[in-house]
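Contents: one structure, followed by commentary.
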There are 2 protein chains.
Amino acid sequence: MNRPPRASDVAALAGVSRSAVSRAFTDGASVAPETRDRIMAAAEELGYRVNHLARSLKEAAPSKLVALVVSDMDHSLRARLVDLLARGLVAGGFRPFLLPWSQGDDPRQLIDMMLNYNVSGAIVTSDTPPEEISHQCARFGVPLVLVNKAPVDARAARVVQDTDAAGRMAAHLLREAGCRRVLYAGQARASFTIDERRRAFEAELGALGMTLAGQVTGPSQNHAGGLIAAEQYLAARHDVDGVHCANDFLALGFIDGLRRAGLPAHDWPALVGCDDIAEAAWPAFDLTTIRQDPGLLANACLDGLADRIAHPANQPELQVLPVAAVRRATTRKTNID
Amino acid sequence: MNRPPRASDVAALAGVSRSAVSRAFTDGASVAPETRDRIMAAAEELGYRVNHLARSLKEAAPSKLVALVVSDMDHSLRARLVDLLARGLVAGGFRPFLLPWSQGDDPRQLIDMMLNYNVSGAIVTSDTPPEEISHQCARFGVPLVLVNKAPVDARAARVVQDTDAAGRMAAHLLREAGCRRVLYAGQARASFTIDERRRAFEAELGALGMTLAGQVTGPSQNHAGGLIAAEQYLAARHDVDGVHCANDFLALGFIDGLRRAGLPAHDWPALVGCDDIAEAAWPAFDLTTIRQDPGLLANACLDGLADRIAHPANQPELQVLPVAAVRRATTRKTNID
DNA sequence: CGTCGGCATGCACACGTGTGCAATGCCTTT
DNA sequence: AAAGGCATTGCACACGTGTGCATGCCGACG
């Protein structure tokens, strides 16, 4: 017989009823100390473990599983976030359930998985998740937290970066570097956070009396996209003294593009990215950027989820997380001043 | 009444028995087409979903959950691997279950989680996982795949890089660059793969008539460790013409260390890393390295797991994955010849 | 027309667990 | 000594599902 031992096996060995075994493994249940000891000894001998699937089946409350819907895990900031979320969930007694999602995947499959496994909540950190996920979760009462996403469903909690402050900050950092005419590098429609930030950036440029000379666009918001944006920048011979990139990966690619083209360092524009990924601090780049603390982000998600689970009827909360300027070389050793 | 609908609710609405509902959702079961249609309509109306937890409880086979034990997710190669593994598992009908583990965590807690949830298998990609995990998995019959790990338990399948080829390759790449006296950058005892590779590297140096001048050591196998290794290298004024770094992150840090110290490019030693992480190809580094294909790695893990699940009694297989040399600037624009 | 085979369906049990309720036994109080 | 309270324990049911078995029905074939 090779099946895992169950409670009744332990009960038989310990000479008690199966209920007693169940109670021995339940905190606060009424069991005599010596009975509990005998049960625990029998359990140890058989290698018995409580089957949490069966347990969560019995309890009306959904399982302790939490779905983690994530895309673009190769983005180091997201990998870090997933790591922190998983740790936090495990520490809180939950079990993170990794659901990768890519643009073009069928969202219904994702929803099926979440509902089939009776998850007690979900955290969505993928870019541009389909609205259907939010609506279906709301319909079936699955507590949901959206990270840096647009408010697609009023019943989902949201955690977002303070995009307004970040956009203004970018403008001020370029201003500090002495810039007058600047460029924006990134796509016209990228993601919620990037778009919002860009809007605030452009507005603040006006308030500071600076000029937005135009925009260069890479095919994607990553290093490869930055390389191409830099080529465009060099080809167009823009007469600008500063560039704000949609995110750090793009900015690093932009720097690499300038470097590859052999542009002398004193001709480089001032550069400001956003996110403060680990690579931005490397001496090869030393990029001025705007920091979004992944620890803060993860904690806000966990708090938001806990709140949704505990008080499903409440108005879902919107948490806006602060950002901080990180001044490095790309706004110092510029040719301006 | 706010509980999720169950099969009996659907049965009542469709005017059939609960068995019929169960059969309607089971492939290959015997149900009349019009009955199935009526059941599906009722299910759609109520928003019914099969509860897979209860299903897996019924089926003697363990749940479709697979534990993904992972540490150091901020290592971009590992994040990529986790992403690929999660995708592959989902595609194969499994559900990945993310269990972060850090040095110092209690392994028993991890084992409890895996056994409590009756996982049908586990893939361990963390560095230096405690042996206890392997032994407990074996004891309880949980199919296990170890990625780039030492053979701690004979009953676990293993997927490892061809460390022997990689180490020899590193020596040959330095030889190609004209090196004679070389250095190894990395810790004496790091991880299984790194240690094995270093051994092969040193052996091949001898065979090629090259000299290992010594070793510089950073506090960690990442960018920060590389920075410090570079400082040591510069301080000791080693008379060498090439350096092999334990992995790419360390190599990138090493380059950044030389760059920060202002060492002119024609005085740089030839450099060879290992892994071919995305950043190694960036123009800022253009690092010669040894590629380990994460797609291959992920597929090997999934195959290994499937094999362990299908044939638990078989001898666990050991898959050795090929590596490939990636020649870039750090072995070209050297000062030699 | 009788028999047989195949298909659809329902009954009942099983999976492994938690817990309300009642029963039992012991200790304390009057 | 009787009564009452309390801790402990077992019985039985519930959670939501899959499936073997038996039954009933219908068509086909001899």
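Remember, predicted model here, so these are calculated numbers, not experimental data. Values below: all heavy atoms of this structure, side chains included; hydrogens, waters and symmetry mates excluded. Numbers restart at 1 for each chain; the letters A, B, ... are given by sequence-line order, proteins then strands.
Atom CG in B/Asp9 sits about 15 Å away from atom C1' in D/dA14, given to the nearest Å.
In this structure, B/Thr35 reaches the C/dT9 phosphate: one of its side-chain N or O atoms is under 4.0 Å from OP1 or OP2. Distances shown here put every side-chain N or O of A/Ser30 at or beyond 4.0 Å from the OP1 or OP2 atom of D/dA7.
No donor-acceptor distance shorter than 3.5 angstrom exists from the side chain of B/Arg80 to the backbone of B/Pro294, with no hydrogens or angles considered.
Across its full length, the helix from C/dC1-D/dG30 to C/dT30-D/dA1 shows an angle of 50° between the axes of its 5 terminal pairs at either end, rounded to 10 degrees.
A/Arg3 has a carboxylate O that lies under 4.0 Å from a charged side-chain N of A/Asp9, or vice versa, which qualifies the two as a salt bridge.
Separation of atoms CH2 (B/Trp101) and OG1 (B/Thr125) is listed at 12.0 Å; rounding is to 0.5 Å.
Taking the ring centroids of A/Phe97 and B/Phe97, they lie at or beyond the 6.0 Å cut-off.
The two atoms that bring B/Cys137 and B/Met114 nearest to each other are SG-CE, 3.3 Å, heavy atoms only.
Cation-pi contact between B/Lys64 and B/Phe94: present, with separation from the ring centre below 6.0 Å and deviation from the ring axis of at most 45°.
Evaluated for a side chain to side chain contact (heavy atoms under 4.5 Å, CB included) with A/Leu115, the options A/Ile111, A/Asn118, A/Asp112 yield exactly one hit, A/Ile111.
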What string of B, S and - do you get for nucleotides 16-28 of chain D, 5' to 3', if B is base contact, S is sugar-phosphate-only contact and - is no contact with any protein heavy atom under 4.0 Å? BBBBB--------

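With contacts defined as side-chain heavy-atom distances shorter than 4.5 Å, the pair B/Glu131/B/Asp153 does not qualify.
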